[in-house]
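Reminder, nothing fancy here: chain letters follow the sequence lines and each chain counts from 1.
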2 protein chains.
Amino acid sequence: MKTHMGRLEKSNLSDDVTERLVEMIRSGVYQPGDRLPAIMEMARSFGVGHPTLREALKKLEAIGIVEIKHGSGVYVKGGQDVLLVSNPVYGKAISKKLMIDLIDARIPIEVKAVGLAATEGTDAQLEGLKHLLEEAEANMDNDVVLSATNMSFHREIAVASGNAVLAQLQEVLTNLFQLEQRMILGIYGSREGDHKEHVGILEALQQRDAELAESRMQSHLEGVRDVLRRWDPKQNPIS
Amino acid sequence: MKTHMGRLEKSNLSDDVTERLVEMIRSGVYQPGDRLPAIMEMARSFGVGHPTLREALKKLEAIGIVEIKHGSGVYVKGGQDVLLVSNPVYGKAISKKLMIDLIDARIPIEVKAVGLAATEGTDAQLEGLKHLLEEAEANMDNDVVLSATNMSFHREIAVASGNAVLAQLQEVLTNLFQLEQRMILGIYGSREGDHKEHVGILEALQQRDAELAESRMQSHLEGVRDVLRRWDPKQNPIS
DNA sequence: TGCTTCGACTGATAATATCAATTTAGAGAG
DNA sequence: CTCTCTAAATTGATATTATCAGTCGAAGCA
């Protein structure tokens, strides 16, 4: 075990630098969107070689905290107010069971969130949900926009719940396998049916009826679950 | 945009190598526990310099897929199925509302998980839960061990649910503000009361009664919520 | 047989040089 | 004056070489 000061718990220089950068971002020295000093400059000020500094940055990039742009600079991406981040490099094949597990996990979270949104959501938030549904309706033929809008609808409900943890869980779960979810729902789902259910959920929210909102969200997501169950990975493989 | 074959979607060599290594692990060329070839050897066979290879490995290390041991080698760790991680640069102060939000988010997740565990859990898994409760009972005076054991109890229930997403959500939520949760429950909670409730939950699981398990978990976590509500941040500040 | 030491293997770091991508500044034309 | 284009500066990316640091296994000794 190393006994040098500052190296007590870490086994190498690049991980030390990683930690120091994490602490600087955590403490607010750098904010999301900020550009870090140039790599050579940071290497000098940390007193390490630039390959060591690059290794540290690659670690931070791997978990989404920074973004390294060739010729431009290194930018802070993650924020101090985010509790969870989704793993950018999922290393196993995506199975049907995993997709089912995902929707099974989303159901209790989103049912809870919509019930809270019915009582806690502000009028402005409900108005925002209404705009999203209007946008969805105007883009029934545009798969990309429609899918993104529908995901925003779910996400904004969680925000309207007023529960910070639920909102962030929703954010992370929405981002997981986003393309895959879109593909499956695109093949097997019904856009109009989805939209009608979303409208029904919004109406329950507008009536401030938590039980009705929960019931409708449950039905909606169970419908999504049924769609996912119909996915044939052999016939429509992902990636 | 690069047009070289194999570089179409990636902007640099080290990220290419990262992807190739992930694919080798994903496809089973290397299994958890396997040792990868030496860094210099891999650099030669991938046709890159060794700092480039090291950058790729640092990325994989950052997300738990490999472990790099100085002087020993690089080992596959099995983190390739991690869906989400907690944010290392989270920097906001812990508030009472956040602790309440956290338990409010845990309730639907853990109620769902325990219901699934009642039907899906293996006998061996239920046996493991029983051992945990025995360990908890033997350590009622040891705050650290008791707290860790109780957290493992909750975590293993999520594992017994057979839902990979729920298990990982539980893992992450359990680890969030772990010390803080332990401190508050230590001041305001009842060890014996907690333990009795855990025993009741296990009995419901052993009876394979999903509804009873859910009901008991709900009551248990609402009790935890009540404890958290009694926390006075002014009188017992955290860190 | 168990412990210690040494050598080989492996990872870690730095320096230097060169290449690649982006940004900025200046000049020229309309 | 504004816009476009080009060149230079800045910044990131990679490779090579040399040296240092940690681990592991084998051999030797008690």
Side-chain angles (χ1 to χ4, degrees), chain A residues 1-21 24-25 30 33-77 88-89, chain B residues 1-21 24-25 30 33-77:
Chain A
M1 175 61 83
K2 286 285 183 182
T3 56
H4 296 309
M5 290 306 297
R7 294 281 296 276
L8 199 59
E9 301 189 356
K10 291 297 163 192
S11 59
N12 58 62
L13 268 188
S14 70
D15 287 345
D16 292 347
V17 173
T18 299
E19 285 300 313
R20 287 163 75 180
L21 286 169
M24 291 164 95
I25 295 169
Y30 296 115
D34 284 356
R35 182 183 170 283
L36 297 184
I39 285 174
M40 300 300 293
E41 188 177 322
M42 280 196 280
R44 266 190 306 267
S45 56
F46 283 113
V48 299
H50 77 94
T52 303
L53 198 282
R54 283 187 55 82
E55 286 185 11
L57 288 176
K58 282 292 191 177
K59 271 203 156 177
L60 295 182
E61 187 183 46
I63 51 181
I65 295 183
V66 301
E67 181 176 20
I68 306 170
K69 294 187 185 179
H70 185 169
S72 174
V74 183
Y75 300 86
V76 177
K77 267 188 72 178
V89 187
Chain B
M1 174 61 82
K2 288 283 181 181
T3 57
H4 295 310
M5 289 306 295
R7 294 281 295 277
L8 199 60
E9 300 189 359
K10 290 298 161 187
S11 59
N12 58 62
L13 268 188
S14 69
D15 288 344
D16 291 347
V17 173
T18 299
E19 285 299 316
R20 288 162 76 180
L21 286 168
M24 291 164 92
I25 294 169
Y30 297 114
D34 284 357
R35 180 181 171 286
L36 297 184
I39 286 175
M40 299 302 292
E41 187 176 321
M42 280 195 280
R44 268 192 302 267
S45 56
F46 282 113
V48 299
H50 77 94
T52 302
L53 197 284
R54 283 186 56 81
E55 285 185 13
L57 289 174
K58 284 291 190 176
K59 270 202 155 177
L60 295 184
E61 187 182 47
I63 53 181
I65 293 186
V66 302
E67 180 178 21
I68 306 171
K69 294 188 185 176
H70 185 169
S72 175
V74 184
Y75 300 87
V76 179
K77 261 189 75 171

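What you find for A:Gly33 and A:Tyr75 is that their closest heavy atoms are O-CD2, 4.0 Å. Among all heavy-atom pairs drawn from B:Ala62 and A:Ala62, the shortest one is CB-CB, 3.7 Å.
Regarding contacts with the backbone of C:dT10, every side-chain N or O of B:Ser72 stays at 4.0 angstrom or more from both OP1 and OP2.
Atom P of nucleotide C:dC19 and atom CG of B:Asn12 are separated by 19 Å, given to the nearest angstrom. In this structure, the OH atom of A:Tyr75 is 12 Å from the C1' atom of C:dA21, given to the nearest Å. Atom CD of B:Glu67 and atom P of C:dA12 are 11 Å apart (whole Å). Distance B:Asp15 CG to C:dA20 P: 18 Å, rounded to the nearest Å. Atom P of nucleotide D:dA15 and atom CZ of B:Phe46 are separated by 13 Å, given to the nearest angstrom. With rounding to whole Å, A:Lys69 atom NZ is found 12 Å from D:dG12 atom P. If you measure from atom CE of A:Met42 to atom C1' of D:dT10, you get 14 Å, rounded to the nearest angstrom. Rounded to whole Å, the distance from CG on B:Leu13 to P on C:dC19 is 15 Å.
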Give the C-alpha distance, both sets of side-chain angles, the deciding distance and a yes or no for side-chain contact (heavy atoms from CB on, under 4.5 Å) between A:Leu21 and A:Leu57.
CA-CA 9 Å; A:Leu21 286 169; A:Leu57 288 176; 3.9 Å; yes
Walk me through it: do B:Asp15 and A:Glu61 pass the test side-chain contact (heavy atoms from CB on, under 4.5 Å)?
CA-CA 11 Å; B:Asp15 288 344; A:Glu61 187 183 46; 4.2 Å; yes
Tell me, with the steps shown, if A:Thr18 and B:Lys58 meet side-chain contact (heavy atoms from CB on, under 4.5 Å).
CA-CA 11 Å; A:Thr18 299; B:Lys58 284 291 190 176; over 6 Å; no
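Both A:Ser14 and B:Glu41 lie close to DNA chain C; mapped to their nearest nucleotides by heavy-atom distance, the more 5′-ward contact belongs to B:Glu41.
Applying the 3.5 Å distance criterion, the base of D:dG22 shares no donor-acceptor pair with the side chain of B:His70.
Contacts of residues 52-62 of chain B with DNA chain C (heavy atom under 4.0 Å): B:Arg54.
Rounding to the nearest 0.5 angstrom, the gap separating the CG atom in B:Leu60 from the CD atom in B:Glu19 is 9.0 Å.
Residue A:Gly49 is in sugar-phosphate contact alone, with no base atom involved, counting any heavy-atom pair closer than 4.0 Å across all strands shown.
With C:dG11, D:dA13, D:dA15 as the choices, the nucleotide that has an atom nearest any side-chain atom of B:Val74 turns out to be C:dG11.
Sorted by first and then second residue, the side chain to side chain donor-acceptor pair (under 3.5 Å) pairs involving residues 35-50 of chain A (not counting sequence neighbours) form an empty list. Under the salt bridge (Lys or Arg N to Asp or Glu O under 4.0 Å) criterion, no residue pair touches residues 62-71 of chain A, with sequence neighbours excluded.
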At a cut-off of 3.5 Å, list every protein nitrogen or oxygen paired with a nitrogen or oxygen from nucleotides 16-18 of chain C, distance to 0.1 Å.
| residue | atom | partner | partner atom | Å |
| --- | --- | --- | --- | --- |
| C:dT16 | O4 | A:His50 | NE2 | 3.1 |

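Residues meeting the side-chain contact (heavy atoms from CB on, under 4.5 Å) test with A:Thr52, sequence neighbours left out: A:Leu13, A:Ser14, A:Val48.
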